[in-house]
Amino acid sequence: MAENLIKPENLVYEKTNAMTDRVLHYCPGCGHGTAHRMLAEAIEELEIQGETIGIAPVGCSVLAYYYFDVDMTEAAHGRAPAVATGIKRVMPEKYVFTYQGDGDLAAIGTAETIHACNRGENFLIVFINNGIYGMTGGQMAPTTLENMKSTTSPRGRDIKTMGSPLKISELVAELPGTYYVARHSVHTPANVRKTKRAFKKAFQYQKDNKGTCLIEVVSNCPSNWKMTPVESNKWMEENMFPYYPLGDIKVPQ
Amino acid sequence: MAKKGDVVIQIEKCKGCEICLASCPQSVLGMSDKVNSKGFKYAVKVNSACTGCANCAVICPDAAITVYREK
Amino acid sequence: MKELRLMKGNEAFAEAAIRAGTDAYFGYPITPQSEVIEYLMAQNPEERTGMAVLQAESEIAAINMIYGAAGCGKKAMTSSSSPGISLKQEGLSYIAGAELPCVVLNVVRGGPGLGTIQPSQSDYFQAVKGGGHGDYKLIVLAPATVQETVDFVKLAFDLAFKYRNPVMILSDGIIGQMMEKVELFEQIPRSDEEYDWATQGKKPGKDHTIITSLQLKPEEQEKVNLRLQAKYREVEKNEVLYESYNTEDADYLFVAFGSCGRITQKAMEMARKKGYKVGQIRPKTLYPFPVEVINKLSDQVKGILTVEMNAGQMVEDVRLAVDGKTPVEYFGRYGGMIPSPDEILNAFEQKFIGGK
């Protein structure tokens, strides 16, 4: 043994150049970082870094604009699809994506989400669904599961008074404007690789002017679920996936 | 025989989430006794069974791992 | 070539928008300004100049589309009327905070609430004091004629890009709905200019561009505010516009803006006929407000009357400008009612001459 493998010619995996070198502010084990990296890798591999404009949301990923090494705009809470519409309509040749959490996209921004999808706006919506408001400290999200506890549903989400968890991806898949809607995760290496393939497909469809693509990433929130990262991924598999099943929801005909 | 691989972990980027440990098919990774400047224990190699499959780096939320593999 | 036409205020605004080389208009219908988007759609500006026009799902979406397009360094504009402008306040605060240029037309109607569809000036405070959350200012232009509405479109974009700040054209239901002769300026080509502050795609070897109004560290956010305040002082120094009438020998001064300024002008002429030496200032910029000229004239006149189609809003800025040097009174009608020259003259006589 003793042979030193750490040399440039042996390199098989390193951080993508489409991400900056800033240390991510996310909690340990949070799926945001991995989802960021897959999106950035998709951008780098498609060689569209200089042609891409991203929109960050309000929520835990509010500072996403520091991490993607592409031109970025920070939107008001829920308004990213409207901001993206404004960008895409004046720069139709650019690749545009929004990166939004469940509160941003499926609560306060529901109108913007649905209408952008309904118009078939030609951009990618990345939707991170971890069933909770992370940034504000663990309040109930539109996607919080039935009986799941949060700081604003301390006895668990009561369907009768708080409504059911919203399957927004299935909802927008019904709209003629959406071209490709899929649900993925970033909790195992295989799932991470699938998620990246979905992002790449979505950008390709954007290039071909096909309409709105929405990729949901079911993710974890170890801090607010009050679990270790490894436990949170297991809990996600056992509780989130049955309600939010992974896979394609709408694929090109 | 599987090719040999190696990993470089950026200690200051690691937040000790241990997801890489759970993703390594060769159980190459463990946690440090020491902590980094942010107070996190960080992932370390505990043996030389690495095959350079890059699973740990692919799953790492903090892009803290670089992977090498013999040609 | 310059062109003379008889046009409704809202339609003239829309025509001026196309001719100003606007890249994008996003709006939502609301009375009394829906003719703006109707005219734009009818004109098919995508074909005429390549300008994007889209009916958004709400005023909130529209202003955020403006935010996106403005962030790309493009000329972006929206229009609405009072209740819709209230919905846009969040977006305007973000645009001001991120220091982006845009133009917003408010064809004011009476409030509060759903109010009335009749003309009003009751959004004065909202327009000149910021309107949304945080310390910021819009540059506010107040046209009194359809012609000024047209001319202010060009001026508004010039100011918006000069200061990277949202500019509001504060019109009202009279000017929006009224038909007047208007001279249209020649088509200005749309621009492809690149700006280092705009998200137009990361250039090789350059840092990526970030547009945000967020600074988590208070010392950084204070710096942002200091920069904004310095900018507003520049605006106050450089951009004040007003019209003055008969001020040279004036014993009394009327101050009124927009359509109300025209009505007040008639009242001034009637007062002159009765032997009262009345002059008038009609602010064309409401922010920056013509503080200096009003302050100067307050040394000369025995009293100032503001006339407004609201419950007395601009009067506060006039009092600040006068700084106690001369009495300042207010007269107005509101809720969609328009004051008549007779009413104004009567109010003037009662307040200053010792009326009946």
Side-chain angles (χ1 to χ4, degrees), chain A residues 1-38 40-41 60 67 69 185-196 219-223 227-234 236-237, chain B residues 1-32 34-71:
Chain A
M1 162 76 202
E3 189 205 350
N4 183 14
L5 295 174
I6 300 170
K7 349 182 222 211
E9 61 268 31
N10 289 335
L11 181 70
V12 287
Y13 195 92
E14 63 175 341
K15 183 191 72 65
T16 162
N17 286 321
M19 272 182 92
T20 63
D21 288 325
R22 287 181 82 119
V23 175
L24 298 149
H25 73 279
Y26 301 111
C27 303
C30 172
H32 269 309
T34 315
H36 281 17
R37 190 158 38 78
M38 287 310 107
E41 284 186 11
C60 284
Y67 310 132
D69 197 15
S185 76
V186 289
H187 75 302
T188 72
N191 289 92
V192 173
R193 292 182 174 107
K194 275 188 203 165
T195 302
K196 180 166 81 176
S219 194
N220 60 358
C221 182
S223 295
M227 299 172 198
T228 68
V230 174
E231 282 167 4
S232 74
N233 281 343
K234 193 158 177 287
M236 180 170 72
E237 276 183 356
Chain B
M1 196 186 129
K3 286 191 178 180
K4 284 211 163 298
D6 205 349
V7 293
V8 175
I9 295 158
Q10 289 188 57
I11 291 169
E12 287 307 320
K13 274 193 166 183
C14 179
K15 295 174 186 157
C17 74
E18 304 188 17
I19 287 178
C20 56
L21 273 65
S23 302
C24 176
Q26 309 296 328
S27 303
V28 172
L29 300 168
M31 297 309 290
S32 64
K34 292 183 193 153
V35 293
N36 65 17
S37 70
K38 291 201 177 70
F40 292 122
K41 290 190 171 190
Y42 46 88
V44 290
K45 273 191 301 178
V46 294
N47 60 48
S48 53
C50 179
T51 63
C53 75
N55 273 1
C56 57
V58 166
I59 199 76
C60 175
D62 292 289
I65 306 176
T66 309
V67 184
Y68 299 86
R69 189 181 220 178
E70 67 182 359
K71 288 282 174 225

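Values below: every heavy atom of this structure, side chains too, minus hydrogens, waters and symmetry copies. Predicted model only: the values in this text are computed from it and were never measured. Labels below follow one simple rule: chain letters A, B, ... track the order of the sequence lines, proteins then strands, and each chain is numbered from 1.
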Q.
Taking NZ in K34(B) as the centre, count heavy atoms belonging to other residues, nucleotides or ligands within less than 6.0 Å. Is the count above 12?
A. no
Q: Counting only heavy atoms closer than 4.5 Å, note whether M38(A) contacts chain B via side chain, backbone, both or neither.
A: side chain
**Q.** Rounded distance (nearest 0.5 Å) linking atom CD1 of I19(B) with atom CG of N220(A)
**A.** 6.0 Å
Q: Mind ranking N191(A), V23(A), T16(A), V230(A) by heavy-atom pairs under 4.5 Å with chain B and telling me who comes out on top?
A: V230(A)
Q: Drop me the distance from N55(B)'s CG to T188(A)'s OG1, to the nearest 0.5 angstrom.
A: 8.5 Å
Q) Is E14(A) close to V8(B) at the side-chain level, that is, under 4.5 Å between some pair of heavy atoms? A) no
Q) Looking only at heavy atoms, which two atoms of V58(B) and R193(A) are closest? And how far apart? A) CG2-NH2, 3.5 Å
Q. With a 4.5 angstrom heavy-atom cut-off, which part of N233(A) approaches chain B: side chain, backbone, both or neither?
A. side chain
Q: Could you tell me whether the side chain of K15(B) and the main chain of G29(A) form a donor-acceptor pair under 3.5 Å?
A: no
Q.
Please report the interatomic distance CG(N10(A)) to NZ(K4(B)), rounded to the nearest 0.5 Å.
A. 13.0 Å
Q | R37(A) to A63(B) - nearest heavy-atom pair and separation | A | CD-CB, 3.7 Å
Q) Under a 4.5 Å heavy-atom cut-off, does chain B meet the side chain of K7(A), its backbone, both or neither? A) backbone
Q | C56(B), part contacting chain A, at a heavy-atom distance under 4.5 Å | A | neither
Q.
Would you compute the distance between atom NZ of K15(A) and atom SG of C60(B) and round it to the nearest 0.5 angstrom?
A. 12.0 Å
Q) Looking at P222(A), C27(A), P229(A), P189(A), which makes the most heavy-atom pairs under 4.5 Å with chain B? A) P189(A)
Q. Do Y26(A) and P61(B) touch side chain to side chain, with heavy atoms closer than 4.5 Å?
A. no
(Q) Would you compute the distance between atom OG1 of T66(B) and atom CD1 of I6(A) and round it to the nearest 0.5 angstrom? (A) 9.0 Å
(Q) Less than 4.5 Å to any heavy atom of chain B: does that hold for the side chain of H36(A), its backbone, both, or neither? (A) neither
Q. Between CZ of R69(B) and CG of L5(A), what distance do you get to the nearest 0.5 Å?
A. 11.0 Å
Q: Select one option (side chain, backbone, both, neither) describing which atoms of L21(B) are under 4.5 Å from chain A's heavy atoms.
A: neither
